[in-house]
Amino acid sequence: EYMGIPHFSAWQDMSAPPGGGPPQLSEQEMAARKAQYLAQREGIRKLPMAEKIRHVAPHVPCSQCKCHGFRPQAKNPDGTIVTSAAGLCAVCGHEVVSHGNLNRLPEGELDRRTHIAVAMEQLYRAA
């Protein structure tokens with residue numbers, strides 16, 4: 001579980017069969033992975049909008065400048081770490097909602113993007 005969201009491990013234990021080709025899963029394994037995926041989607045759907053935006057904002061550029069993604073902390077050229085005020089990007093100083101105008105997305109699209117962002121975060125933490 002990550003941040004209250006069930007861990008989706010469909011990418012784990014996916015070794016290719018001898019001779020190559022896509023991994024072969026039994027019907028039970030497929031059903032278990034589908035249930036796991038649906039549980040994660042439901043967990044994401046229940047998150048408050050601010051939490052969804054917090055997961056997605058680092059992966060989308062700022063709509064007001066050339067910043068590549070929301071960062072609550074950034075490194076100065078001299079190596080010191082700058083922490084921004086709550087809700088502001090440490091790189092550009094714009095609000096978190098300025099990164100991708102995420103508060104204007106339909107809920108289903110924000111849920112989809114959050115699901116992808118959480119999966120990327122889980123992969124990063126697993127590595």
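Below, all heavy atoms of this structure are taken into account, side chains as well, without hydrogens, waters or symmetry copies.
- Atom SG in Cys92 sits 10.5 Å away from atom CZ in Arg71 (nearest 0.5 Å).
- Legend: ring-ring contact (aromatic ring centres under 6.0 Å, His included) pairs involving residues 70-108, not counting sequence neighbours, sorted by first then second residue: Phe70-His99.
- Using modelled atom types, no side-chain atom of Arg45 and backbone atom of Asp111 make a donor-acceptor pair closer than 3.5 Å.
- Taking Glu109 as the reference, Arg112, Arg113 meet the salt bridge (Lys or Arg N to Asp or Glu O under 4.0 Å) condition, with sequence neighbours excluded.
- Taking Gln73 as the reference, Thr83 meet the side-chain hydrogen bond (donor to acceptor under 3.5 Å, both in side chains) condition, with sequence neighbours excluded.
- Ile53 and Leu47 fall into different hydrophobic clusters, where Ile, Leu, Val, Met, Phe, Trp and Tyr residues are linked whenever their side-chain heavy atoms come under 4.5 Å apart, directly or through other members.
- In the hydrophobic clustering of this structure, Val97 groups with Met49; members are Ile, Leu, Val, Met, Phe, Trp, Tyr whose side-chain heavy atoms approach within less than 4.5 Å, directly or through other members.
- Every residue meeting the salt bridge (Lys or Arg N to Asp or Glu O under 4.0 Å) condition with Glu107, not counting sequence neighbours, appears here in chain and number order: Lys52.
- With hydrogens and angles disregarded, no donor-acceptor distance shorter than 3.5 Å links the side chain of Ser63 to the backbone of Asn101.
- Using a 4.5 Å heavy-atom cutoff, the side chains of Cys67 and Pro61 are not in contact.
- Atom CD of Gln64 sits about 11.0 Å away from atom SG of Cys89, to the nearest 0.5 Å.
- Met120 is linked by a side chain to side chain contact (heavy atoms under 4.5 Å, CB included) to His59, Ile116, counting only residues two or more places apart in sequence or in another chain.
- Counting only heavy atoms from C-beta outward, the side chains of Tyr37 and His115 approach each other to under 4.5 Å.
- Under the salt bridge (charged side-chain N to carboxylate O under 4.0 Å, His left out) criterion, no residue pair touches residues 77-104, with sequence neighbours excluded.
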ask   = Could you walk me through whether Gln40 and Gln122 pass the side-chain contact (heavy atoms from CB on, under 4.5 Å) check?
value = CA-CA 12 Å; Gln40 186 184 42; Gln122 290 175 343; 3.3 Å; yes

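- Residues Leu110 and Val96 share a hydrophobic cluster, clusters being chains of Ile/Leu/Val/Met/Phe/Trp/Tyr side chains in contact below 4.5 Å.
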